[in-house]
Each structure stands twice: as C-alpha cells, then as structure tokens.
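Reading through the structure tokens given below for one structure.
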4 protein chains.
Amino acid sequence: MTEDKPLSRAERNRLQLRADILQAAFIEFSDRGYHQTAIADIAQRLGIGHGTFYRYFDNKRDILEHVINDTAMQLIALLAAENAPNAVQTLAEYREQCQRIAQRFSEFAYANPKMLRLVLLEATSIDADMTQRVFALINTGGQLTAEYLANGVKHGFLRSDLDTTNTGHAIVGIIMAGMFRLLADPDNTSVLTSYGEACVRLITEGMAKT
Amino acid sequence: MTEDKPLSRAERNRLQLRADILQAAFIEFSDRGYHQTAIADIAQRLGIGHGTFYRYFDNKRDILEHVINDTAMQLIALLAAENAPNAVQTLAEYREQCQRIAQRFSEFAYANPKMLRLVLLEATSIDADMTQRVFALINTGGQLTAEYLANGVKHGFLRSDLDTTNTGHAIVGIIMAGMFRLLADPDNTSVLTSYGEACVRLITEGMAKT
Amino acid sequence: MTEDKPLSRAERNRLQLRADILQAAFIEFSDRGYHQTAIADIAQRLGIGHGTFYRYFDNKRDILEHVINDTAMQLIALLAAENAPNAVQTLAEYREQCQRIAQRFSEFAYANPKMLRLVLLEATSIDADMTQRVFALINTGGQLTAEYLANGVKHGFLRSDLDTTNTGHAIVGIIMAGMFRLLADPDNTSVLTSYGEACVRLITEGMAKT
Amino acid sequence: MTEDKPLSRAERNRLQLRADILQAAFIEFSDRGYHQTAIADIAQRLGIGHGTFYRYFDNKRDILEHVINDTAMQLIALLAAENAPNAVQTLAEYREQCQRIAQRFSEFAYANPKMLRLVLLEATSIDADMTQRVFALINTGGQLTAEYLANGVKHGFLRSDLDTTNTGHAIVGIIMAGMFRLLADPDNTSVLTSYGEACVRLITEGMAKT
DNA sequence: CATGAATGAGCATTCATTCAT
DNA sequence: CATGAATGAATGCTCATTCAT
C-alpha cells in the first residue's frame with residue numbers, strides 16, 4: 001500500500017517553499033491589500049530573496065490568482081461540505097441543520113477572517129476578471145444553497161412554491177452580511193451567535209406574526 | 001427672505017469646478033478603480049490641468065474620501081427615505097411597502113451601478129479606515145432597517161419576539177446580494193424583479209411549509 | 001516679414017530641454033552603447049530627474065529611434081549635399097570633385113565620430129528593425145552614389161558599360177572602410193588623407209598597369 | 001610515433017560538450033544578439049543545466065570571447081587561404097583569381113551568414129575591447145589584401161605606384177559592403193553575383209573611360 | 001488662481017553568477 | 001562533475017505631489 005513517492009528531498013523542499021510563498025502572499029494580500037503589497041514584502045516575510053519568488057510564480061498577478069483560487073476552493077468546500085440535504089426530513093431536523101451550518105460558518109469565519117477579507121474586500125478591486133470570479137463564487141454559493149432548498153421542497157418541509165434559486169441567493173446575502181459584521185469587528189466573538197439564531201428563524205419562519 | 005449671497009461669479013465657478021472634479025473622480029474611480037485611476041485621468045476628463053486638482057483637494061486619498069462620503073450619503077438617504085414605518089399598520093400594507101422598497105432599490109441600483117461598485121467593490125480595498133467606513137455604512141443600513149422592523153413589531157404585524165437588530169442586518173445582506181447580482185450581470189435587467197419578490201416573501205413568511 | 005513666433009518662453013525651454021535630452025542620449029549611446037546606458041545616466045548627465053525623461057520620450061527605445069533618425073538624416077544630408085553631378089563634365093573635374101568629397105567625408109568623420117559609432121557599431125545590435133534601418137541607410141548611400149555615377153556615364157567621362165548600381169554600393173563600402181579605420185584609431189588624424197587619395201585613384205583608374 | 005593520448009572517454013566527452021556549448025552560444029548570439037541571449041538560452045538549447053555552463057566558461061563575456069575568436073579565425077583563414085599570390089603572373093590570371101575569390105567569399109557568406117552577423121553587427125557593441133578586436137580583424141584583412149596587391153605589383157601586372165596598403169583596406173570595404181547587402185536581404189541569392197563582377201572590374205580597371 | 005513642468009520614491013521584473021547537493 | 005535553486009544588483013517605468021510662472 002505504498003503510494004507513489006518519487007518526491008526527492010529537493011522536490012519536497014521545493015513544494016514546501018512554494019506553499020510557504022503562497023501562504024505568505026495570502027497573509028500579506030489579506031492584511032495590507034494586494035496593491036499595498038510588494039513582492040519584496042512577501043519575500044521578506046519568508047526571509048528569501050525576492051528573485052526567488054519569480055522561480056515559483058510568473059508574476060504578482062499570477063500568485064494572486066493562485067491565492068484566490070486556493071481560497072475560493074476552500075470556501076466552496078465549506079459550502080459544499082454542508083450540503084447534505086438528504087440528511088434531513090423534517091422541519092425540526094432542518095432547523096437543527098441550519099443551526100449547525102450557521103455554527104460551522106461562524107467558526108470558519110472566526111478561524112479564517114483573512115480569507116474573507118481577501119475574497120470579499122480585496123479581490124473585487126484588482127481587475128474586471130478577478131471581480132467576475134468573486135461574483136461567480138458568490139453565485140455558486142447561491143446555487144448550492146438553492147439545491148439545498150430544492151431538497152427541502154422535495155421532502156415537503158419547505159413551501160412548495162418556494163423560489164429556491166432566488167431564495168438561495170438571498171441566504172448567501174445573509175451569510176455575507178454576517179461575514180461583513182465579523183470583519184467589521186473581529187474582536188467581538190459573540191456577534192455571530194445571536195445573528196445566526198435570528199437568521200435561522202428569519203428564513204424558516206419569516207417575520208410575520210402568525 | 002434672500003439667503004446669504006456672497007457667492008460671486010468666481011465663487012460659483014469655483015464651487016462648480018469642485019463639483020465637477022468630484023463627479024469626474026467618482027466616474028473614474030468606479031469605472032477603472034481607485035488604484036488604476038491617476039489624478040491625470042480625472043483632470044483630463046475635465047480638460048483641466050492636473051495641478052488644478054490640488055487646489056481643490058489635498059491629495060488622491062482626500063478626494064476619494066469626499067467621493068465616498070457623497071455616495072454614502074446618497075445611499076443612506078435612499079435607505080432613510082423609505083423609512084416611513086408609521087405609514088403602515090397591517091401586514092398587507094407592510095408587504096406592499098416592502099415591494100415598493102424593493103422596487104425603489106432596484107431602480108436605484110440600475111440607475112447608479114457605479115455607486116454600488118464604488119462602495120461595495122472599490123472602497124473596501126483602500127485602507128483600514130475606508131474599509132471601516134464601508135462597514136459603518138452597512139451597519140447603519142442594518143440599524144435603519146432594524147428601526148423599521150421595530151416599528152412593525154410595535155404595530156403588531158411582526159413577531160413580537162423578532163430580533164429586530166440582527167434581522168435588520170440580515171435584510172441588508174439580502175439587499176447586498178441583490179446588488180452583487182446586478183453588478184455581476186449589469187445587462188440582465190430583469191434579474192432583480194423576481195429576486196425582489198422572493199425576498200419579500202422570504203422575510204415576511206419564511207420558507208417553512210405552513 | 002515676421003515669421004510665426006508663437007513660441008512662448010516656456011515653449012522654448014521645453015524644446016530646448018528636449019533637444020538637450022536628445023543630445024545627451026546621443027552622447028551616452030554612442031559612448032557607452034545603448035544597452036550599457038541607463039535612462040538615469042542620460043538624466044544625470046543633464047542634472048535632471050530621470051522622471052523628466054519620460055515627459056519628453058515614451059521610453060528608452062523611443063529616444064533611440066529619434067537619435068538614430070536625427071543621425072541618419074545628417075548622414076543622408078552629407079551624402080546628398082555632395083551630389084551635384086552636373087557640376088562636373090570632364091574626368092579631371094570629376095577627380096577633383098571626388099577629392100573634395102573625400103575631404104568632406106573625412107572632415108565630417110573627424111568632427112562627428114560619435115555619429116559613426118552610433119550608426120555603424122551600436123544601431124546594428126538593438127533589434128531586427130533597427131538593423132534593417134541601418135541597412136536601408138547604407139543602401140540609400142549606394143543608390144545616391146549610383147545616380148552620381150550614372151551622371152558620369154551620361155556625360156561620357158565614365159565607362160559606358162559601368163554597372164552604376166553595384167559600383168555605387170562598392171564605393172559606399174570603401175567609404176565605410178575609411179570610417180572603420182578612423183573609429184579604430186581616432187587619434188591618427190592623417191590616416192584618411194592617404195586613404196582618400198588611394199581610393200580616388202582606385203575608383204577612377206583601377207589597379208591594373210596600363 | 002604515438003601521439004599524446006591521455007584523452008579518456010570522460011575527457012573526450014568534456015571536450016565535446018565544450019564544443020557544443022560554443023556552438024550553441026554562437027547560434028544564439030548571432031540569432032538573437034548577445035544582449036538578448038541569456039545563459040539559460042544557451043543551456044536550454046543543449047538540454048543541459050545552466051550551472052554547467054560555468055564549468056566550461058568563466059562568464060558570459062568569456063564565451064563571447066571564444067565565439068568571436070573562433071569566428072575570427074575562420075574569417076582570417078578564409079582571407080589567408082585565398083592569398084596565393086604567386087599563383088598568378090598575368091593580369092588575365094589575376095582577374096580570374098579575383099573572380100574565384102569573389103565566388104569563394106560569396107559562397108562563404110551565403111553559407112555562414114551568422115558569422116557575418118556576429119562579427120559585423122553584434123561584436124561591435126559589447127565593449128571597447130571587443131570593438132577593437134573587430135577593427136583589428138578588419139585591419140588584418142586589409143593587410144592581407146595589401147600583401148596580395150604588393151605581389152601583383154612585384155609581378156608587374158598592377159600599377160607600380162599602387163598604394164597597396166590603402167587599396168587593400170578599400171577592397172576590404174568593398175567586400176564588407178557585399179556582406180552588408182547580403183545580410184540586409186538574405187533571401188536574395190543572386191545579389192552578390194553581379195556585385196562581384198562589378199567589383200572585380202572596378203578594382204582592376206577603375207571607372208574612367210579609357 | 002490655473003497650469004504643467006519637474007521630481008523621485010517606489011515597484012515589478014530579469015538574469016548573471018554562486019554554491020550546496 | 002552536473003545541476004538548478006537561490007540570490008540581489010540593476011533598471012525601465014509610473015505617478016502622486018510640489019512649485020515656479
């Protein structure tokens with residue numbers, strides 16, 4: 001059961017350094033912003049010569065691409081991982097799932113605020129292409145959520161006339177608002193708890209007096 | 001009842017030019033982005049010398065400040081203008097109001113996509129201060145919406161246990177998601193219509209099967 | 001009889017500086033070579049900021065273009081100026097003219113060795129386009145000389161079966177060889193004198209024993 | 001009569017690789033130019049690591065030196081090989097020899113345009129030393145040609161008052177002009193034929209009407 | 001007060017060379 | 001001995017800002 005391991009020591013070092021550069025770029029870009037970050041900053045953070053950077057990435061834009069792609073994949077994974085719609089059959093179960101998801105998102109957001117900063121705040125101001133990529137990511141989130149809702153409709157615990165697509169996008173908006181609130185006040189570790197609860201009630205029950 | 005009129009012709013010209021510069025900066029910043037815009041671009045758009053710019057604004061950051069402030073004020077005004085909570089007394093009236101508001105927002109978004117771009121996409125990547133300003137703006141939106149909801153609770157057509165604050169923020173998130181969708185696909189002039197309807201139903205009735 | 005003189009003081013300064021930069025670039029390029037010359041070198045020679053350079057020329061290649069064009073025009077002018085073929089009717093007159101031309105070239109070469117360096121040594125190693133430009137210049141020289149010879153044939157003091165075109169190019173080669181000799185040993189101020197004489201005899205009489 | 005044969009297999013490989021590197025450098029330098037050629041280009045052409053280059057040559061300048069020296073030697077050999085003055089005794093023989101030489105040069109030029117490019121176009125723009133080497137090469141060509149002419153004078157079929165030295169340099173100029181014409185238009189395979197004829201007549205008979 | 005010429009800090013990128021493996 | 005990873009000096013170019021006219 002030995003895997004393919006043609007990774008020489010040099011090879012591993014190389015991959016490690018590449019990962020380190022990506023990591024350093026991620027930190028710098030999310031902390032100071034893409035435009036405020038010089039390649040020299042990334043190199044200095046790692047204690048490497050800045051020429052070394054160009055042995056691993058074509059140019060500044062190239063590494064941003066990789067950083068964003070990596071981050072986007074993690075975000076998509078987060079969204080997709082929670083998408084186990086068939087696990088729930090009743091409204092009660094569904095509500096629990098929502099709370100679990102909210103909890104999960106909340107934890108992720110607290111653990112990785114830099115990712116959120118990068119995608120929500122920085123990536124939208126590089127160029128048209130990158131901005132569209134962010135839009136596409138958000139759109140994907142909406143579609144995943146919509147599938148999730150469609151499942152609820154199919155199982156009969158969500159309104160049969162629910163506009164799953166648009167509602168999915170709306171829910172993504174709700175999540176985004178939570179992220180923005182966290183980013184606005186990163187030290188307030190409780191803000192998302194009550195927000196999550198309110199959101200779960202909002203989307204399940206609405207606001208109207210019954 | 002003549003107001004103070006120490007506005008000489010020169011004075012008026014001066015104010016006019018200042019406004020023109022602001023306008024030009026707004027267009028450039030929202031079109032090409034803050035970092036991609038040179039002071040010379042703004043000046044050239046107006047056909048003035050770029051040295052003139054510095055007679056009206058301290059520096060590039062300064063005019064961004066003004067541009068953002070102006071834009072923020074218009075957005076706040078949009079939010080506040082719709083905030084006539086006492087106008088509605090019943091759920092039906094309230095729902096109509098919601099639709100009206102959605103309509104209003106939609107129209108505004110279609111009419112002023114540059115404003116949205118500027119605030120949502122660009123302003124968040126200048127520096128920490130400006131980013132906080134955007135957060136504050138969004139937060140203000142949430143609070144205004146919350147007051148609006150509180151009014152609903154007071155009038156008894158919204159749940160008495162509604163977490164107005166958090167729900168207000170959630171609604172702002174829903175609006176933001178709509179803006180993002182519009183910015184992602186500016187030519188699709190109908191996307192917001194069905195989105196508005198779905199959102200109104202979501203927030204009033206929730207998703208659960210009754 | 002007043003000429004157009006809308007040249008303000010600023011305008012004149014501007015033109016003067018532009019000319020100065022051209023001159024400085026010419027000196028640096030011909031002295032140290034194009035690739036060895038940094039824009040900063042040109043600026044420093046004039047005591048101006050190197051950013052100023054870019055107010056007058058698009059980029060390094062751009063100014064090379066202008067420098068080469070200017071130089072080429074002077075060289076062409078030198079060739080063309082001497083081309084007064086109809087001035088001579090007999091072989092004796094023609095020989096005198098040749099000597100005069102040789103003298104002129106010689107003086108020019110001594111006075112402007114940098115021009116020769118630039119065109120013959122430097123310009124041929126920038127890129128394909130610039131190299132072709134040098135070839136075109138040499139070719140033009142050959143053609144001008146050929147016309148000059150054709151005139152001699154027409155007036156009957158040169159061989160009627162003279163291949164004027166090819167011979168014209170050959171004469172340009174003879175001139176170029178003289179330039180190379182001068183550039184090889186710029187301090188030897190007499191080398192061209194005897195060379196000129198030998199060349200005149202060569203082209204008029206050939207080498208064969210009569 | 002055993003030669004020195006300490007050439008082990010490794011030794012031969014070593015010498016072969018050295019020759020390959022020289023050859024590769026020659027091609028790159030003459031194709032793209034010295035400044036446009038990176039050491040990595042040379043190494044890549046051979047499929048060797050670019051660190052290996054430095055085991056065989058001190059630095060970039062060093063290999064240029066060797067490349068130029070090799071090329072210069074071949075050019076000198078070309079000049080010298082044709083210099084068999086005692087082979088001709090009469091003007092007719094001499095003229096035939098001239099034509100043969102022209103033919104030889106022409107063939108060489110068509111076969112080795114890269115050599116000409118390198119020496120005439122590239123080598124003159126490296127630094128003062130290399131430029132002087134090119135001048136020295138041209139000068140050697142002139143001297144060889146002069147000896148050749150001197151022989152003609154001695155044998156009595158060239159003018160007894162012929163300035164052999166200067167005329168020798170002039171002839172080299174004529175040859176150089178032919179090379180330039182070829183380099184300017186490498187596809188025109190006939191340009192040198194008529195040029196050669198015209199040149200032979202020029203130097204033997206001159207241009208004057210007899 | 002308007003102008004635009006001048007400035008230089010700042011940055012992305014290249015590449016010859018070194019050296020540990 | 002071959003390799004290629006690492007390095008940093010070098011440089012072209014941009015643009016916000018200042019200031020003399």
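Convention: sequence-line order gives letters A, B, ...; per-chain numbering from 1. Here the structure is a predicted model, which means the values were calculated and not measured.
Looking at Thr131(C), its side chain does come within 3.5 Å of a backbone N or O of Thr124(C) through a donor-acceptor pair.
Among the heavy atoms of the strands, none lies under 4.0 Å from Asn13(A). Using a 4.0 Å heavy-atom cutoff across all strands shown, Tyr56(D) reaches sugar-phosphate atoms only and no base atom.
Residues meeting the side-chain contact (heavy atoms from CB on, under 4.5 Å) test with Asp58(B), sequence neighbours left out: Asp62(B). Residues forming a ring-ring contact (aromatic ring centres under 6.0 Å, His included) with Tyr56(B) (at least two apart in sequence, or on another chain): none. With sequence neighbours excluded, no residue forms a ring-ring contact (aromatic ring centres under 6.0 Å, His included) with His50(C). Residues satisfying the side-chain hydrogen bond (donor to acceptor under 3.5 Å, both in side chains) criterion with Asp20(B), sequence neighbours excluded, are Gln16(B). Remark: Asn13(D) pairs with Arg9(D) by the side-chain contact (heavy atoms from CB on, under 4.5 Å) rule, at least two apart or across chains. Leu120(D) is linked by a side-chain contact (heavy atoms from CB on, under 4.5 Å) to Met176(D), Met179(D), Phe180(D), counting only residues two or more places apart in sequence or in another chain. In terms of the side-chain contact (heavy atoms from CB on, under 4.5 Å) criterion, residue partners of Asn112(D) (sequence neighbours excluded) are, by chain and number, Phe108(D), Met115(D). Take Tyr54(D) and apply the ring-ring contact (aromatic ring centres under 6.0 Å, His included) test, not counting sequence neighbours, and it matches no residue.
Against DNA chain E, the stretch residues 34-53 of chain A makes heavy-atom approaches under 4.0 Å through Thr37(A), Ala38(A), Ile39(A), His50(A).
A 4.0 Å heavy-atom criterion places the boundary nucleotides of DNA chain E facing chain D at dA16(E) to dT18(E), written 5' to 3'.
Consecutive Watson-Crick or G-U pairing (both distances under 3.5 Å) extending over three or more pairs maps onto DNA chain F as E:2-21 with F:2-21.
Residue-to-nucleotide proximity on DNA chain F shows that, of Arg55(A) and Leu17(D), the 5′-proximal contact is made by Leu17(D).
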Return a table of donor-acceptor pairs under 3.5 angstrom between the side chains of residues 22-33 of chain A and protein atoms on other chains or two or more places apart.
| residue | atom | partner | partner atom | Å |
| --- | --- | --- | --- | --- |
| Glu28(A) | OE1 | Arg32(A) | NH1 | 3.4 |
| Glu28(A) | OE2 | Arg45(A) | NE | 2.6 |
| Glu28(A) | OE2 | Arg45(A) | NH2 | 3.4 |
| Ser30(A) | OG | Phe26(A) | O | 2.6 |
| Ser30(A) | OG | Ile27(A) | O | 3.2 |
| Asp31(A) | OD1 | Lys114(A) | NZ | 2.7 |
| Asp31(A) | OD2 | Lys114(A) | NZ | 3.4 |
| Arg32(A) | NH1 | Asp41(A) | OD1 | 3.2 |
| Arg32(A) | NH1 | Asp41(A) | OD2 | 2.5 |

